[in-house]
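None of these values were measured; they are calculated from a predicted model.
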Amino acid sequence: MNLADAFVGLAHRWPERTALISPGLTLTYLGLAARAAQTARELRLRGVKPGANIGIGIRNNAETLIAMIALWMLGATAVRLDFRATAAERKLLARKD
């Protein structure tokens, strides 16, 4: 079982329970799982594969959470980036050793 499996399990257990409250967006567990699954499909079409490290530099916390769950669903890792980071700092974070 991974984080995506655990989250989807919560969505099946409590589909109508509120999972996310953010300015302008409130989602149930089922709604959040559906939104993350749609984002995962879009990311897969853009070439994201299992094991990939993907930087997330989104300012909106709700969209960050949706993207992180989507990446879990793909077996990828979310690397949260500070949008204020310089280009050199982002390049350092993206480096593979």
Side-chain angles (χ1 to χ4, degrees):
M1 177 181 270
N2 60 29
L3 287 172
D5 294 336
F7 182 78
V8 170
L10 290 174
H12 286 258
R13 184 171 182 182
W14 300 312
E16 298 306 317
R17 205 178 265 190
T18 301
L20 174 70
I21 300 172
S22 181
L25 181 64
T26 299
L27 292 172
T28 63
Y29 278 97
L30 190 60
L32 181 53
R35 183 96 172 251
Q38 176 60 38
T39 300
R41 284 189 290 277
E42 292 169 8
L43 290 170
R44 188 179 305 115
L45 289 173
R46 293 175 186 250
V48 175
K49 300 199 182 322
N53 293 326
I54 305 297
I56 297 177
I58 304 170
R59 294 183 190 195
N60 179 313
N61 288 334
E63 294 301 326
T64 299
L65 178 61
I66 292 165
M68 289 178 71
I69 295 169
L71 289 169
W72 297 342
M73 289 175 166
L74 294 173
T77 301
V79 179
R80 189 151 193 262
L81 302 176
D82 187 333
F83 66 91
R84 298 166 294 199
T86 66
E89 291 168 328
R90 287 191 304 270
K91 185 176 180 180
L92 182 64
L93 286 170
R95 215 178 77 208
K96 287 195 174 195
D97 293 326

The single option from V48, L3, T77 passing side chain to side chain contact (heavy atoms under 4.5 Å, CB included) against L71: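 The passing option is V48.
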Among L43, T39, I54, side chain to side chain contact (heavy atoms under 4.5 Å, CB included) partner for L74: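 Only one of L43, T39, I54 forms a side chain to side chain contact (heavy atoms under 4.5 Å, CB included) with L74, namely L43.
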Selection residues 40-52 - residue pairs positive for side-chain hydrogen bond (donor to acceptor under 3.5 Å, both in side chains), sequence neighbours left out: Q38-R41, Q38-E42
Residue pairs passing the side-chain hydrogen bond (donor to acceptor under 3.5 Å, both in side chains) test where at least one lies in residues 25-35, sequence neighbours excluded: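 Those involving residues 25-35 are R35-E63.
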Inter-residue atom distance L25.CG - L65.CG, 0.5 Å rounding: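 Here the rounded value is 10.0 Å.
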Same apolar cluster (I L V M F W Y, side chains within < 4.5 Å links), L30/I69: no
Got a list of side-chain donor-acceptor pairs under 3.5 Å for residues 10-22, not counting sequence neighbours?
none

By side-chain contact (heavy atoms from CB on, under 4.5 Å) - contacts of N61 (at least two apart):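 N61: side-chain contact (heavy atoms from CB on, under 4.5 Å) contacts with R80.
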Non-neighbouring partners of R84 that pass salt bridge (charged side-chain N to carboxylate O under 4.0 Å, His left out), sequence neighbours left out: D82
Minimum heavy-atom distance between E89 and T86, given as atom pair plus value: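 Answer, listing the atom of E89 first, then T86: OE1-N, 2.7 Å.
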Where at least one partner belongs to residues 70-79, residue pairs that pass salt bridge (Lys or Arg N to Asp or Glu O under 4.0 Å), sequence neighbours excluded: none
